[in-house]
Amino acid sequence: MSNKKPRTAITPTREDDFPEWYQQVIKAADMAENSPVRGCMIIKPYGYAVWENIQKNFDAMIKDLDVENAYFPLLIPMEFMSREAEHVDGFAKECAVVTHHRLEADEDGKLGPAPSAKLEDPYIIRPTSETIIGDTMARWVQSYRDLPLKLNQWCNVMRWELRTRIFLRTSEFLWQEGHNAFEDEKGGVEDHEKMLEAYADLVENYMAVPVIRGKKTPEETFPGAVSTLTIEAMMQDGKALQSATSHYMGQNFAKSIGIKYQNRDGDESYAHTTSWGLSTRTIGAMIMVHGDDDGMVMPPRVAPYPVGIIPILRDDQDKDKILAYCADIVAQLRAIGIRAKINNSDSRTPDKMWGMIKKGVPVRVEIGAREMQEGTLTHVRRDLGRDSKASCKASEFMQQIQGILDDIHITLYQRAKDFMEQNITEAKTLADMEDLYKSGHKGFVKTPIAVLDDADLARVKKENAITARCMPFSDNGQSVIFGKAY
RNA sequence: CGGAACGUGGCGCAGCCUGGUAGCGCACUUGCAUGGGGUGCAAGGGGUCGGAGGUUCAAAUCCUCUCGUUCCGACCA
């Protein structure tokens, strides 16, 4: 027995092969899978439930900021793309194009686009709805009284990606895109800051992923934007993942798409616009930040069910009684607003347990004949493992569970935050940074802002596969954080 | 899109070099014993080897093309 390592539920481990571990966690946790459509994923119920929780929480946040939801078409007239020069640059090469409106069989019986049904004006499948929403806003905004106008839509978009990775980069993905318009610069600038803070709030306080808030360097700024703000998270392999961005477009976009209005002086002005988006990719971030070698570790506030209950059935005699007791526990939890689910399949107990471990259910509750008789239950925290196993009266549990879940959230967040902080190294010069990466540094490197002007920067970035992630707010724009990125 | 690798039952793999119609582990089904961090024994079901062509008496094994996946790179949420 030379194998001293305890068996892990996921093979390989994070240390052995991080990218493969990531794939295996998604599979083991039953969150998503590849589809017959190249580059597109099937989000399974357990993964989609996470997205629904993200949606629910963020949707409430933006409504508090007076954003209204609307829905725009999946198809966008191709000519819209050419209205915005920067867009052509950014998205044209990854657009799916709709050219026909009918299929028909040829002489061999093979289906194909009917030549007679060719579209005079082709459509593209939205890679973003910026142009069509902008076009709409241009019609809706006539007067300064129509501003601000804050629109958001939850939808799917498609970008024909060359290299896809489930959740992190797929050809089709789900997101929300917000597009706001304001009278002046102040309104737009403040808005894009506010939206970024909303993202930071969501990601940190619901997904337990600590982030660095900052501004993109000019080079990394979104095409056409005056300013791009970002939240950057660190994965357990030390790489960065941009979790959400918020752009201030100045009047650039309004001018190209015609969002103009009569201002308070009776003159014509162009609106100042912002756009902001967060996608299913953040689910990938959550996996890579919290997951461990036994699978997913769900942050409780977005977990499909923060409490999972396993009935322990030793024989059929007590089965119905135990199940009834479990059902009652679930009902009590739901009554206090906690999502709970019972696994009453007839799998073996250990298999049910490992199933919940791999899914990362924050609190596992075990209930057998013993608990039923005593009116107690046994609970274990996923983040702390079997050592955290404890028993208490069911009534006490109801009092404590919210606190336990909050504590799990804090523990996950703090653990990730400590990791991130320990893996940000400061370097005074570009040469110092290069030395760090050349000697195998895995995390971020923070340098003075002056490094951006170093003529050698491009070479160092290229050779070390790093990019400028952002200029963190915490240093008032006086520093830059670099790192490898997803 | 460039470089590399891979594609064999649900999952992970062996077989391919030295062609002769498929094997292992896990999962699954049944039974008995079990049952609080991956239970044991026994009996079973399931694949024609990503797809299309070619070579051959014969192909999972050789050749060509194609589709897909993964990793690295460039690009990007």
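Just so we're clear, the structure is a prediction, and the values are computed from it rather than from any experiment. So you know, we letter chains A, B, ... as the sequences are listed, proteins then strands, and number each from 1.
- Side-chain nitrogen and oxygen atoms of A:Q23 include at least one within less than 4.0 Å of the OP1 or OP2 phosphate oxygen of B:C71.
- If you check every strand for non-hydrogen atoms under 4.0 Å, A:T467 touches nothing.
- Within the 4.0 angstrom heavy-atom criterion, base atoms lie near A:A9.
- B:A43 and B:G38 have their C1' atoms separated by 23 Å, with the value rounded to a whole Å.
- Straight-line distance between the P atoms of B:G44 and B:U8: roughly 28 Å, to the nearest whole Å.
- Counting non-hydrogen atoms under 4.0 angstrom, A:G39 reaches the backbone sugars and phosphates but no base.
- The side chain of A:I357 sits closest to B:G37 out of B:G36, B:C75, B:G37.
- For the pair A:R165 and B:C71, the criterion of a side-chain N or O lying under 4.0 Å from OP1 or OP2 is met.
- Pairing for B:G31 goes to B:C41, judged as Watson-Crick or G-U wobble with the two contacts each under 3.5 Å.
- Partner assigned to B:A22 is none, using Watson-Crick or G-U wobble distances below 3.5 angstrom.
- The C1' atoms of B:G73 and B:C28 are separated by 42 Å, rounded to the nearest whole Å.
- Within 4.0 Å of A:E371, counting heavy atoms only, lies at least one base atom of the nucleic acid.
- Comparing the P positions of B:G54 and B:A60 gives an interatomic distance of 15 Å, to the nearest angstrom.
- A donor and an acceptor atom sit less than 3.5 Å apart, one in the side chain of A:R364 and one in the base of B:G37.
- Residue A:K389 has a polar side-chain atom (N or O) positioned under 4.0 Å from OP1 or OP2 of B:G37.
- Nucleotides B:C62 and B:G15 are separated by 16 Å at their C1' atoms, to the nearest Å.
- Across every strand in view, B:A4 sits in a pair with B:U70 that passes the Watson-Crick or G-U test at under 3.5 angstrom.
- Residue A:K352 is out of contact with every strand shown, counting any heavy-atom pair closer than 4.0 Å.
- Residue A:L278 is out of contact with every strand shown, counting any heavy-atom pair closer than 4.0 Å.
- Across all strands shown, A:T378 has heavy atoms under 4.0 Å from base atoms, whether or not it also approaches the sugar-phosphate.
- Nearest to the side chain of A:E366, among B:G37, B:G36, B:A77, sits B:G36.
- The gap from the C1' atom of B:G46 to that of B:U29 amounts to 10 Å, rounded to the nearest Å.
- Of all the heavy atoms in A:E232 and A:C470, the pair that sits closest is CG-SG, 4.2 Å.
- With a cut-off of 3.5 Å on both pairing distances, B:G36 has no Watson-Crick or G-U wobble partner at all.
- When heavy atoms are screened at a 4.0 angstrom cut-off, A:R159 is found touching base atoms of the nucleic acid.
- In terms of phosphate contacts, A:K27 brings a side-chain nitrogen or oxygen within less than 4.0 Å of OP1 or OP2 of B:G12.
- Using P as the reference atom, B:A52 and B:G12 are 23 Å apart when rounded to the nearest Å.
- For B:U70, the OP1/OP2 oxygens have no side-chain nitrogen or oxygen of A:R38 closer than 4.0 Å.
- At the heavy-atom level, A:G277 lies nowhere under 4.0 Å from the strands shown.
- When distances are taken from the side chain of A:R163 to each of B:U70, B:G36, B:C71, the shortest belongs to B:C71.
- Rounded to the nearest Å, the gap between the P atom of B:U64 and that of B:C6 is 14 Å.
- Along RNA chain B, the nucleotide nearest A:F173 and the nucleotide nearest A:R348 are compared for position; the residue whose nucleotide lies closer to the 5' end is A:R348.
- Of the candidates B:U34, B:U69, B:C71, the closest approach to any side-chain atom of A:N34 belongs to B:U69.
- Here A:W175 lies out of heavy-atom contact (under 4.0 Å) with every strand.
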